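Written below as C-alpha coordinates is the structure these notes are about.
Convention: sequence-line order gives letters A, B, ...; per-chain numbering from 1. Computed from a predicted model, the values in this text were never measured in an experiment.
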Number of protein chains: 2
Amino acid sequence: MFKKVLIAEDFQGDNKSIVDTLKAELTIPEVQEEFYCDKAYNRLQVACQTPEAFELLITDLSFKENHSPRSLTNGVELITAARKLQPDLKIIVNSMEEQAVKIKGLFEKHHINAYVCKGRQSLDELVKAIHAVALGNTYLSPQIDLNTAKNVFELDEVDLFILKDLAEGFSKKEIRFRLKKIDLRPNSESSIDKRVSKLFDEFGAKNSTELVAKLIREGLI
Amino acid sequence: MFKKVLIAEDFQGDNKSIVDTLKAELTIPEVQEEFYCDKAYNRLQVACQTPEAFELLITDLSFKENHSPRSLTNGVELITAARKLQPDLKIIVNSMEEQAVKIKGLFEKHHINAYVCKGRQSLDELVKAIHAVALGNTYLSPQIDLNTAKNVFELDEVDLFILKDLAEGFSKKEIRFRLKKIDLRPNSESSIDKRVSKLFDEFGAKNSTELVAKLIREGLI
DNA sequence: CAATGCCTTACAGATATCTGTAAGGCATTG
DNA sequence: CAATGCCTTACAGATATCTGTAAGGCATTG
(Lines give C-alpha, C1' and ligand atoms only; values in the text may rest on other atoms or scores of the structure.)
Protein backbone atom coordinates (compact mmCIF):
# COMPACT_ATOMS: atom_id res chain seq x y z
CA MET A 1 0.00 0.00 0.00
CA PHE A 2 1.00 3.59 -0.52
CA LYS A 3 2.93 5.39 2.16
CA LYS A 4 2.37 8.99 1.13
CA VAL A 5 -0.70 10.32 -0.64
CA LEU A 6 -1.72 13.81 -1.73
CA ILE A 7 -5.30 14.89 -2.28
CA ALA A 8 -6.16 17.90 -4.46
CA GLU A 9 -9.86 18.74 -4.15
CA ASP A 10 -11.44 22.14 -3.74
CA PHE A 11 -14.77 21.19 -2.18
CA GLN A 12 -14.46 20.94 1.56
CA GLY A 13 -16.99 18.11 1.83
CA ASP A 14 -15.32 15.93 -0.78
CA ASN A 15 -11.88 16.73 0.51
CA LYS A 16 -12.75 15.86 4.09
CA SER A 17 -14.58 12.67 3.23
CA ILE A 18 -11.70 11.41 1.09
CA VAL A 19 -9.17 12.11 3.84
CA ASP A 20 -11.40 10.47 6.45
CA THR A 21 -12.04 7.43 4.30
CA LEU A 22 -8.37 6.93 3.53
CA LYS A 23 -7.50 7.16 7.21
CA ALA A 24 -10.30 4.88 8.29
CA GLU A 25 -10.13 2.18 5.66
CA LEU A 26 -6.56 2.09 4.42
CA THR A 27 -3.28 1.97 6.28
CA ILE A 28 -1.58 4.96 4.72
CA PRO A 29 0.82 6.66 7.13
CA GLU A 30 0.75 10.05 5.47
CA VAL A 31 -2.24 11.69 3.82
CA GLN A 32 -1.99 15.35 2.91
CA GLU A 33 -4.67 17.51 1.35
CA GLU A 34 -4.83 20.73 -0.62
CA PHE A 35 -7.66 22.91 -1.94
CA TYR A 36 -5.72 24.56 -4.77
CA CYS A 37 -3.82 23.12 -7.72
CA ASP A 38 -0.86 25.41 -7.24
CA LYS A 39 -0.48 24.47 -3.59
CA ALA A 40 -0.80 20.79 -4.44
CA TYR A 41 1.92 21.16 -7.04
CA ASN A 42 4.17 22.93 -4.54
CA ARG A 43 3.82 20.05 -2.13
CA LEU A 44 4.70 17.55 -4.85
CA GLN A 45 7.71 19.63 -5.80
CA VAL A 46 9.01 20.02 -2.27
CA ALA A 47 8.48 16.33 -1.42
CA CYS A 48 10.16 15.34 -4.65
CA GLN A 49 13.44 16.77 -3.45
CA THR A 50 13.37 14.68 -0.28
CA PRO A 51 13.62 10.91 0.06
CA GLU A 52 9.87 10.82 0.75
CA ALA A 53 8.19 11.85 -2.49
CA PHE A 54 4.45 11.35 -2.86
CA GLU A 55 3.46 8.04 -4.37
CA LEU A 56 -0.14 8.81 -5.24
CA LEU A 57 -2.07 11.91 -6.24
CA ILE A 58 -5.86 11.93 -6.01
CA THR A 59 -7.22 14.94 -7.83
CA ASP A 60 -10.44 16.55 -8.95
CA LEU A 61 -10.67 18.06 -12.44
CA SER A 62 -12.37 21.40 -11.85
CA PHE A 63 -11.26 23.87 -9.24
CA LYS A 64 -13.31 26.93 -8.48
CA GLU A 65 -11.89 30.30 -9.28
CA ASN A 66 -10.98 32.61 -6.50
CA HIS A 67 -9.65 36.07 -5.84
CA SER A 68 -6.05 34.80 -5.85
CA PRO A 69 -4.37 34.40 -9.26
CA ARG A 70 -3.62 30.83 -10.31
CA SER A 71 -1.02 29.38 -12.61
CA LEU A 72 -2.54 25.87 -12.59
CA THR A 73 -6.28 26.27 -12.98
CA ASN A 74 -7.61 22.74 -13.29
CA GLY A 75 -6.89 19.08 -12.73
CA VAL A 76 -5.57 18.42 -16.21
CA GLU A 77 -2.96 21.14 -15.84
CA LEU A 78 -1.99 19.81 -12.42
CA ILE A 79 -1.67 16.29 -13.83
CA THR A 80 0.46 17.49 -16.74
CA ALA A 81 2.78 19.39 -14.43
CA ALA A 82 2.95 16.55 -11.93
CA ARG A 83 3.78 13.97 -14.59
CA LYS A 84 6.62 16.14 -15.84
CA LEU A 85 7.99 16.53 -12.34
CA GLN A 86 7.58 12.94 -11.28
CA PRO A 87 6.86 10.51 -14.14
CA ASP A 88 6.28 7.50 -11.88
CA LEU A 89 3.65 9.22 -9.71
CA LYS A 90 0.36 7.30 -9.61
CA ILE A 91 -2.67 9.43 -10.33
CA ILE A 92 -6.34 8.85 -9.56
CA VAL A 93 -8.88 11.34 -10.86
CA ASN A 94 -12.04 11.83 -8.81
CA SER A 95 -14.49 14.08 -10.61
CA MET A 96 -18.09 14.64 -11.70
CA GLU A 97 -17.12 14.38 -15.35
CA GLU A 98 -19.07 11.58 -17.01
CA GLN A 99 -18.19 12.00 -20.66
CA ALA A 100 -16.47 8.94 -22.03
CA VAL A 101 -14.47 10.93 -24.60
CA LYS A 102 -12.88 13.09 -21.96
CA ILE A 103 -12.15 10.25 -19.57
CA LYS A 104 -10.64 8.21 -22.38
CA GLY A 105 -8.34 11.13 -23.09
CA LEU A 106 -7.19 11.19 -19.48
CA PHE A 107 -6.11 7.56 -19.67
CA GLU A 108 -4.59 7.81 -23.14
CA LYS A 109 -2.96 11.22 -23.13
CA HIS A 110 -2.25 11.76 -19.46
CA HIS A 111 -1.80 8.16 -18.41
CA ILE A 112 -3.84 8.42 -15.27
CA ASN A 113 -4.10 5.18 -13.32
CA ALA A 114 -7.73 5.35 -12.28
CA TYR A 115 -10.88 7.35 -12.79
CA VAL A 116 -13.58 7.52 -10.13
CA CYS A 117 -16.79 9.30 -11.00
CA LYS A 118 -18.38 11.22 -8.13
CA GLY A 119 -21.65 9.62 -7.25
CA ARG A 120 -23.55 7.47 -4.80
CA GLN A 121 -20.69 5.00 -4.33
CA SER A 122 -17.68 7.14 -5.08
CA LEU A 123 -15.94 6.69 -1.74
CA ASP A 124 -16.23 2.93 -1.95
CA GLU A 125 -15.03 3.08 -5.53
CA LEU A 126 -12.12 5.25 -4.53
CA VAL A 127 -10.97 2.64 -2.02
CA LYS A 128 -11.18 -0.02 -4.73
CA ALA A 129 -9.29 2.24 -7.11
CA ILE A 130 -6.49 2.78 -4.62
CA HIS A 131 -6.15 -0.95 -4.07
CA ALA A 132 -6.07 -1.56 -7.81
CA VAL A 133 -3.50 1.15 -8.46
CA ALA A 134 -1.32 -0.06 -5.56
CA LEU A 135 -1.19 -3.43 -7.33
CA GLY A 136 -0.20 -1.77 -10.58
CA ASN A 137 -3.64 -2.03 -12.18
CA THR A 138 -6.02 0.62 -13.43
CA TYR A 139 -9.57 1.32 -12.24
CA LEU A 140 -12.58 2.91 -13.86
CA SER A 141 -16.01 3.55 -12.35
CA PRO A 142 -18.32 0.84 -13.69
CA GLN A 143 -20.99 3.27 -14.93
CA ILE A 144 -18.54 4.76 -17.43
CA ASP A 145 -18.47 2.99 -20.77
CA LEU A 146 -15.42 4.03 -22.77
CA ASN A 147 -16.84 2.36 -25.86
CA THR A 148 -19.39 5.14 -26.24
CA ALA A 149 -16.45 7.45 -26.86
CA LYS A 150 -16.83 7.06 -30.58
CA ASN A 151 -17.08 10.70 -31.29
CA VAL A 152 -13.42 11.44 -30.95
CA PHE A 153 -13.83 13.84 -33.82
CA GLU A 154 -10.98 16.25 -33.41
CA LEU A 155 -12.01 19.87 -33.56
CA ASP A 156 -8.97 21.77 -34.75
CA GLU A 157 -8.02 25.34 -33.95
CA VAL A 158 -10.01 26.80 -36.85
CA ASP A 159 -13.11 24.73 -36.03
CA LEU A 160 -13.00 25.89 -32.44
CA PHE A 161 -12.51 29.51 -33.45
CA ILE A 162 -15.48 29.37 -35.81
CA LEU A 163 -17.70 27.58 -33.31
CA LYS A 164 -16.89 29.94 -30.47
CA ASP A 165 -17.56 32.90 -32.72
CA LEU A 166 -20.87 31.44 -33.87
CA ALA A 167 -21.83 31.01 -30.23
CA GLU A 168 -21.06 34.69 -29.74
CA GLY A 169 -23.40 35.66 -32.54
CA PHE A 170 -20.90 36.55 -35.25
CA SER A 171 -22.03 36.02 -38.82
CA LYS A 172 -19.91 33.94 -41.14
CA LYS A 173 -18.86 37.09 -42.95
CA GLU A 174 -17.64 38.57 -39.69
CA ILE A 175 -15.91 35.35 -38.74
CA ARG A 176 -14.13 35.42 -42.07
CA PHE A 177 -12.58 38.79 -41.23
CA ARG A 178 -11.83 37.76 -37.69
CA LEU A 179 -9.93 34.72 -38.95
CA LYS A 180 -7.99 36.90 -41.39
CA LYS A 181 -7.14 39.33 -38.63
CA ILE A 182 -5.33 36.67 -36.61
CA ASP A 183 -3.98 35.12 -39.81
CA LEU A 184 -5.67 31.79 -39.29
CA ARG A 185 -6.38 29.82 -42.45
CA PRO A 186 -8.44 28.73 -44.34
CA ASN A 187 -10.56 31.81 -43.95
CA SER A 188 -12.76 32.20 -46.99
CA GLU A 189 -16.48 32.33 -46.35
CA SER A 190 -16.83 29.27 -48.47
CA SER A 191 -14.38 27.30 -46.37
CA ILE A 192 -16.18 28.33 -43.23
CA ASP A 193 -19.43 27.13 -44.78
CA LYS A 194 -17.84 23.84 -45.74
CA ARG A 195 -16.34 23.22 -42.33
CA VAL A 196 -19.54 24.01 -40.52
CA SER A 197 -21.53 21.77 -42.87
CA LYS A 198 -19.08 18.98 -42.19
CA LEU A 199 -19.63 19.46 -38.47
CA PHE A 200 -23.40 19.25 -39.06
CA ASP A 201 -22.85 15.73 -40.40
CA GLU A 202 -20.36 14.86 -37.71
CA PHE A 203 -22.56 15.87 -34.81
CA GLY A 204 -25.94 15.27 -36.40
CA ALA A 205 -27.07 18.89 -36.41
CA LYS A 206 -29.41 20.53 -38.88
CA ASN A 207 -28.07 24.08 -38.58
CA SER A 208 -25.61 26.29 -36.71
CA THR A 209 -27.88 26.85 -33.75
CA GLU A 210 -28.31 23.15 -33.10
CA LEU A 211 -24.60 22.52 -33.65
CA VAL A 212 -23.56 25.16 -31.15
CA ALA A 213 -26.20 23.97 -28.68
CA LYS A 214 -24.95 20.39 -28.89
CA LEU A 215 -21.31 21.30 -28.52
CA ILE A 216 -21.95 23.54 -25.54
CA ARG A 217 -23.91 20.77 -23.86
CA GLU A 218 -21.08 18.33 -24.54
CA GLY A 219 -18.66 20.78 -23.02
CA LEU A 220 -16.58 21.03 -26.19
CA ILE A 221 -16.84 24.80 -26.62
CA MET B 1 -30.87 23.28 18.29
CA PHE B 2 -32.66 20.82 16.02
CA LYS B 3 -33.48 17.37 17.32
CA LYS B 4 -34.10 15.53 14.07
CA VAL B 5 -32.45 16.31 10.73
CA LEU B 6 -32.68 14.68 7.32
CA ILE B 7 -29.99 14.93 4.66
CA ALA B 8 -30.78 14.34 0.98
CA GLU B 9 -27.58 14.22 -1.06
CA ASP B 10 -26.63 11.77 -3.77
CA PHE B 11 -22.86 12.05 -3.69
CA GLN B 12 -21.39 9.70 -1.14
CA GLY B 13 -18.55 12.05 -0.25
CA ASP B 14 -20.77 15.03 0.37
CA ASN B 15 -23.34 12.96 2.17
CA LYS B 16 -20.83 11.39 4.51
CA SER B 17 -19.02 14.62 5.27
CA ILE B 18 -22.25 16.41 6.11
CA VAL B 19 -23.36 13.62 8.43
CA ASP B 20 -19.94 13.49 10.10
CA THR B 21 -19.78 17.24 10.52
CA LEU B 22 -23.24 17.43 12.05
CA LYS B 23 -22.42 14.67 14.49
CA ALA B 24 -19.04 16.14 15.40
CA GLU B 25 -19.90 19.81 15.68
CA LEU B 26 -23.54 20.03 16.60
CA THR B 27 -25.56 18.30 19.27
CA ILE B 28 -28.31 16.84 17.12
CA PRO B 29 -29.65 13.57 18.53
CA GLU B 30 -30.94 12.19 15.24
CA VAL B 31 -29.35 12.65 11.83
CA GLN B 32 -30.65 10.54 8.96
CA GLU B 33 -29.41 10.51 5.39
CA GLU B 34 -30.75 9.50 2.01
CA PHE B 35 -29.27 9.31 -1.51
CA TYR B 36 -32.53 9.63 -3.43
CA CYS B 37 -35.26 12.28 -3.41
CA ASP B 38 -38.06 9.74 -3.29
CA LYS B 39 -36.57 7.94 -0.32
CA ALA B 40 -35.99 11.23 1.47
CA TYR B 41 -39.61 12.18 0.89
CA ASN B 42 -40.77 8.83 2.23
CA ARG B 43 -38.85 9.40 5.42
CA LEU B 44 -40.39 12.83 5.83
CA GLN B 45 -43.82 11.39 5.24
CA VAL B 46 -43.43 8.55 7.68
CA ALA B 47 -41.93 10.75 10.41
CA CYS B 48 -44.66 13.31 9.85
CA GLN B 49 -47.25 10.87 11.10
CA THR B 50 -45.40 10.33 14.38
CA PRO B 51 -44.78 12.81 17.19
CA GLU B 52 -41.16 13.11 15.97
CA ALA B 53 -41.33 14.79 12.61
CA PHE B 54 -38.13 16.07 11.02
CA GLU B 55 -37.34 19.66 11.86
CA LEU B 56 -34.72 20.35 9.21
CA LEU B 57 -34.05 19.10 5.71
CA ILE B 58 -30.64 19.65 4.14
CA THR B 59 -30.82 18.90 0.44
CA ASP B 60 -28.81 19.09 -2.75
CA LEU B 61 -30.45 20.34 -5.95
CA SER B 62 -29.31 17.84 -8.55
CA PHE B 63 -29.59 14.11 -8.14
CA LYS B 64 -28.01 11.76 -10.64
CA GLU B 65 -30.22 9.59 -12.73
CA ASN B 66 -30.20 5.91 -12.18
CA HIS B 67 -31.72 2.70 -13.45
CA SER B 68 -34.62 2.99 -11.02
CA PRO B 69 -37.54 5.22 -12.04
CA ARG B 70 -38.03 8.34 -9.98
CA SER B 71 -41.05 10.43 -9.23
CA LEU B 72 -39.08 13.24 -7.57
CA THR B 73 -36.06 13.91 -9.75
CA ASN B 74 -34.39 16.94 -8.19
CA GLY B 75 -34.08 19.08 -5.12
CA VAL B 76 -36.68 21.62 -6.17
CA GLU B 77 -39.29 18.90 -6.58
CA LEU B 78 -38.36 17.44 -3.21
CA ILE B 79 -38.62 20.87 -1.58
CA THR B 80 -42.01 21.51 -3.18
CA ALA B 81 -43.36 18.17 -2.02
CA ALA B 82 -41.85 18.56 1.46
CA ARG B 83 -43.29 22.06 1.94
CA LYS B 84 -46.73 20.77 1.01
CA LEU B 85 -46.44 17.91 3.47
CA GLN B 86 -44.96 19.89 6.31
CA PRO B 87 -45.13 23.68 5.85
CA ASP B 88 -43.09 24.50 8.95
CA LEU B 89 -40.11 22.30 7.94
CA LYS B 90 -36.84 24.24 7.82
CA ILE B 91 -34.90 23.72 4.62
CA ILE B 92 -31.24 24.32 3.84
CA VAL B 93 -30.06 23.84 0.27
CA ASN B 94 -26.47 22.71 -0.26
CA SER B 95 -25.55 22.73 -3.93
CA MET B 96 -23.01 23.71 -6.55
CA GLU B 97 -25.44 26.14 -8.15
CA GLU B 98 -23.97 29.64 -8.14
CA GLN B 99 -26.48 31.56 -10.23
CA ALA B 100 -28.01 34.38 -8.26
CA VAL B 101 -31.29 34.25 -10.23
CA LYS B 102 -31.90 30.64 -9.34
CA ILE B 103 -30.92 31.00 -5.70
CA LYS B 104 -33.11 34.07 -5.38
CA GLY B 105 -35.99 31.99 -6.70
CA LEU B 106 -35.40 29.34 -4.05
CA PHE B 107 -35.75 31.89 -1.28
CA GLU B 108 -38.68 33.73 -2.84
CA LYS B 109 -40.74 30.94 -4.34
CA HIS B 110 -39.81 27.99 -2.19
CA HIS B 111 -39.06 29.84 1.03
CA ILE B 112 -35.92 27.94 1.81
CA ASN B 113 -34.22 29.05 5.00
CA ALA B 114 -30.60 28.92 3.90
CA TYR B 115 -28.45 28.39 0.84
CA VAL B 116 -24.93 27.00 1.13
CA CYS B 117 -22.85 26.88 -2.00
CA LYS B 118 -20.53 23.88 -2.27
CA GLY B 119 -16.96 25.08 -2.16
CA ARG B 120 -13.79 25.37 -0.11
CA GLN B 121 -15.63 26.33 3.10
CA SER B 122 -19.01 24.72 2.58
CA LEU B 123 -18.96 22.50 5.66
CA ASP B 124 -18.09 25.43 7.91
CA GLU B 125 -20.78 27.45 6.18
CA LEU B 126 -23.27 24.68 6.66
CA VAL B 127 -22.68 24.71 10.41
CA LYS B 128 -23.21 28.47 10.44
CA ALA B 129 -26.35 28.06 8.35
CA ILE B 130 -27.79 25.50 10.76
CA HIS B 131 -27.14 27.79 13.71
CA ALA B 132 -28.78 30.68 11.89
CA VAL B 133 -31.82 28.66 10.87
CA ALA B 134 -32.20 27.24 14.38
CA LEU B 135 -32.49 30.83 15.61
CA GLY B 136 -35.13 31.59 12.99
CA ASN B 137 -32.77 33.47 10.66
CA THR B 138 -31.75 32.81 7.08
CA TYR B 139 -28.24 32.16 5.76
CA LEU B 140 -26.63 32.65 2.36
CA SER B 141 -23.06 31.81 1.32
CA PRO B 142 -21.16 35.10 1.28
CA GLN B 143 -19.81 34.64 -2.26
CA ILE B 144 -23.35 34.77 -3.67
CA ASP B 145 -24.60 38.25 -4.47
CA LEU B 146 -28.34 38.25 -5.00
CA ASN B 147 -28.21 41.78 -6.39
CA THR B 148 -26.67 40.48 -9.62
CA ALA B 149 -29.97 38.65 -10.18
CA LYS B 150 -31.29 41.47 -12.33
CA ASN B 151 -32.21 39.28 -15.22
CA VAL B 152 -35.33 37.83 -13.70
CA PHE B 153 -36.85 37.94 -17.16
CA GLU B 154 -39.58 35.36 -17.07
CA LEU B 155 -39.49 32.93 -19.96
CA ASP B 156 -43.03 31.68 -20.40
CA GLU B 157 -44.16 28.34 -21.75
CA VAL B 158 -44.15 29.49 -25.38
CA ASP B 159 -40.72 31.12 -25.07
CA LEU B 160 -39.29 27.93 -23.62
CA PHE B 161 -40.89 25.80 -26.30
CA ILE B 162 -39.49 28.00 -29.05
CA LEU B 163 -36.03 28.16 -27.50
CA LYS B 164 -35.79 24.43 -26.94
CA ASP B 165 -36.89 23.81 -30.51
CA LEU B 166 -34.35 26.29 -31.85
CA ALA B 167 -31.67 24.45 -29.87
CA GLU B 168 -32.82 21.27 -31.59
CA GLY B 169 -32.37 22.80 -35.00
CA PHE B 170 -36.00 23.37 -35.97
CA SER B 171 -36.67 26.29 -38.29
CA LYS B 172 -39.19 28.91 -37.29
CA LYS B 173 -41.59 27.54 -39.87
CA GLU B 174 -41.34 24.10 -38.31
CA ILE B 175 -41.72 25.54 -34.83
CA ARG B 176 -44.87 27.27 -36.00
CA PHE B 177 -46.44 23.94 -36.90
CA ARG B 178 -45.15 22.28 -33.78
CA LEU B 179 -46.80 24.96 -31.66
CA LYS B 180 -50.05 24.54 -33.55
CA LYS B 181 -49.91 20.81 -33.06
CA ILE B 182 -49.97 21.11 -29.29
CA ASP B 183 -52.36 24.06 -29.56
CA LEU B 184 -50.01 26.52 -27.91
CA ARG B 185 -50.57 30.14 -28.88
CA PRO B 186 -49.51 32.55 -30.28
CA ASN B 187 -48.13 30.43 -33.07
CA SER B 188 -47.81 32.55 -36.19
CA GLU B 189 -44.36 32.77 -37.69
CA SER B 190 -44.49 36.46 -37.14
CA SER B 191 -45.17 36.10 -33.44
CA ILE B 192 -42.31 33.67 -33.12
CA ASP B 193 -40.06 36.18 -34.86
CA LYS B 194 -41.23 38.93 -32.55
CA ARG B 195 -40.72 36.91 -29.40
CA VAL B 196 -37.28 35.79 -30.38
CA SER B 197 -36.28 39.35 -31.31
CA LYS B 198 -37.49 40.53 -27.92
CA LEU B 199 -35.31 37.88 -26.30
CA PHE B 200 -32.34 39.13 -28.34
CA ASP B 201 -32.77 42.50 -26.64
CA GLU B 202 -33.43 40.95 -23.27
CA PHE B 203 -30.34 38.77 -23.26
CA GLY B 204 -28.09 40.87 -25.44
CA ALA B 205 -27.87 38.41 -28.31
CA LYS B 206 -27.37 39.26 -31.96
CA ASN B 207 -29.07 36.17 -33.41
CA SER B 208 -30.68 32.85 -32.53
CA THR B 209 -27.42 30.98 -32.25
CA GLU B 210 -26.02 33.39 -29.68
CA LEU B 211 -29.32 33.49 -27.81
CA VAL B 212 -29.51 29.72 -27.51
CA ALA B 213 -25.83 29.55 -26.56
CA LYS B 214 -26.29 32.07 -23.77
CA LEU B 215 -29.40 30.45 -22.39
CA ILE B 216 -27.84 27.00 -22.36
CA ARG B 217 -24.80 28.36 -20.54
CA GLU B 218 -27.07 30.04 -18.01
CA GLY B 219 -28.88 26.77 -17.52
CA LEU B 220 -32.23 28.21 -18.54
CA ILE B 221 -32.96 25.75 -21.34
C1' DC C 1 -68.57 54.46 -27.01
C1' DA C 2 -64.29 56.69 -28.54
C1' DA C 3 -59.47 56.50 -27.34
C1' DT C 4 -55.64 54.03 -25.87
C1' DG C 5 -52.37 50.39 -25.33
C1' DC C 6 -50.96 45.82 -26.13
C1' DC C 7 -50.79 41.59 -28.64
C1' DT C 8 -51.16 38.90 -32.85
C1' DT C 9 -50.67 38.43 -37.50
C1' DA C 10 -49.48 39.29 -42.50
C1' DC C 11 -46.40 41.00 -45.51
C1' DA C 12 -42.21 42.97 -47.51
C1' DG C 13 -37.37 43.53 -48.08
C1' DA C 14 -32.62 43.17 -46.77
C1' DT C 15 -29.28 39.82 -45.11
C1' DA C 16 -27.60 35.44 -43.71
C1' DT C 17 -27.46 30.57 -44.04
C1' DC C 18 -26.88 26.39 -46.36
C1' DT C 19 -26.04 23.35 -50.34
C1' DG C 20 -24.19 22.26 -54.68
C1' DT C 21 -21.11 22.91 -58.66
C1' DA C 22 -16.87 23.97 -60.56
C1' DA C 23 -12.18 25.59 -60.95
C1' DG C 24 -7.49 26.08 -59.28
C1' DG C 25 -3.55 24.85 -56.00
C1' DC C 26 -0.81 21.49 -54.04
C1' DA C 27 1.09 17.18 -52.51
C1' DT C 28 1.32 12.23 -53.49
C1' DT C 29 1.53 8.30 -56.51
C1' DG C 30 2.54 5.51 -60.29
C1' DC D 1 5.14 14.37 -65.57
C1' DA D 2 0.33 12.82 -65.92
C1' DA D 3 -3.16 11.22 -62.78
C1' DT D 4 -5.23 11.32 -58.46
C1' DG D 5 -7.07 13.00 -54.25
C1' DC D 6 -7.79 16.58 -51.08
C1' DC D 7 -8.32 21.30 -49.77
C1' DT D 8 -9.57 26.04 -50.74
C1' DT D 9 -12.15 29.29 -52.97
C1' DA D 10 -15.77 31.62 -55.89
C1' DC D 11 -20.20 31.66 -57.27
C1' DA D 12 -25.13 30.64 -57.68
C1' DG D 13 -29.62 29.68 -56.02
C1' DA D 14 -32.95 28.20 -52.67
C1' DT D 15 -34.33 28.98 -47.95
C1' DA D 16 -34.19 31.00 -43.48
C1' DT D 17 -33.53 34.77 -40.50
C1' DC D 18 -34.33 39.23 -38.91
C1' DT D 19 -36.39 43.88 -38.93
C1' DG D 20 -39.89 47.11 -39.89
C1' DT D 21 -44.56 48.56 -41.16
C1' DA D 22 -49.32 48.18 -40.89
C1' DA D 23 -53.82 46.31 -39.87
C1' DG D 24 -57.10 43.98 -36.90
C1' DG D 25 -58.62 42.07 -32.23
C1' DC D 26 -59.34 42.78 -27.60
C1' DA D 27 -59.35 44.65 -23.01
C1' DT D 28 -59.05 48.89 -20.32
C1' DT D 29 -59.85 53.71 -19.47
C1' DG D 30 -62.00 58.05 -19.41
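- Taking the salt bridge (charged side-chain N to carboxylate O under 4.0 Å, His left out) definition, one finds that A/Asp193 meets it with A/Lys172, sequence neighbours left out.
- Scanning for salt bridge (charged side-chain N to carboxylate O under 4.0 Å, His left out) contacts around A/Asp88 gives an empty result, with sequence neighbours left out.
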Secondary structure of DNA chain C in dot-bracket form (Watson-Crick or G-U wobble, distances below 3.5 Å, | marking inter-strand pairs):
||||||||||||||||||||||||||||||

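- For B/Glu34, the salt bridge (charged side-chain N to carboxylate O under 4.0 Å, His left out) test picks out B/Arg43, with sequence neighbours left out.
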Could you list the donor-acceptor pairs under 3.5 angstrom formed by side chains in residues 72-79 of chain B, with sequence neighbours left out?
| residue | atom | partner | partner atom | Å |
| --- | --- | --- | --- | --- |
| B/Thr73 | OG1 | B/Glu77 | OE1 | 3.4 |
| B/Thr73 | OG1 | B/Glu77 | OE2 | 3.2 |
| B/Asn74 | OD1 | B/Val76 | N | 3.1 |
| B/Asn74 | OD1 | B/Glu77 | N | 2.9 |
| B/Glu77 | OE1 | B/Thr73 | N | 3.0 |

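- Listed in residue order, the members of residues 171-184 of chain A having a heavy atom less than 4.0 Å from DNA chain C are A/Ser171, A/Lys172, A/Lys173.
- Note on residues 63-72 of chain B: pairs passing salt bridge (charged side-chain N to carboxylate O under 4.0 Å, His left out), not counting sequence neighbours, are A/Glu98-B/Lys64.
- Taking the side-chain contact (heavy atoms from CB on, under 4.5 Å) definition, one finds that A/Asp183 meets it with nothing, sequence neighbours left out.
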Show me, pair by pair, the donor-acceptor contacts under 3.5 angstrom made by side chains of residues 136-143 of chain A, not counting sequence neighbours?
| residue | atom | partner | partner atom | Å |
| --- | --- | --- | --- | --- |
| A/Ser141 | OG | A/Cys117 | N | 2.8 |
| A/Ser141 | OG | A/Glu125 | OE1 | 2.4 |

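- With sequence neighbours left out, B/Leu160 forms a side-chain contact (heavy atoms from CB on, under 4.5 Å) with B/Leu155, B/Ile221.
- Mapping A/Ser190 and A/Leu166 onto DNA chain C by nearest heavy atom places A/Leu166 closer to the 5' end of the strand.
- Judged by the 6.0 Å distance and 45° axis criteria, B/Lys206 is positioned over the aromatic ring of A/Phe170.
- Residue B/Asn187 is in sugar-phosphate contact alone, with no base atom involved, counting any heavy-atom pair closer than 4.0 Å across all strands shown.
- Residues forming a salt bridge (charged side-chain N to carboxylate O under 4.0 Å, His left out) with A/Asp10 (at least two apart in sequence, or on another chain): none.
- Contact footprint of chain B on DNA chain D: nucleotides with an atom under 4.0 Å from a non-hydrogen protein atom, first to last in 5' to 3' order, D/dA16 to D/dT21.
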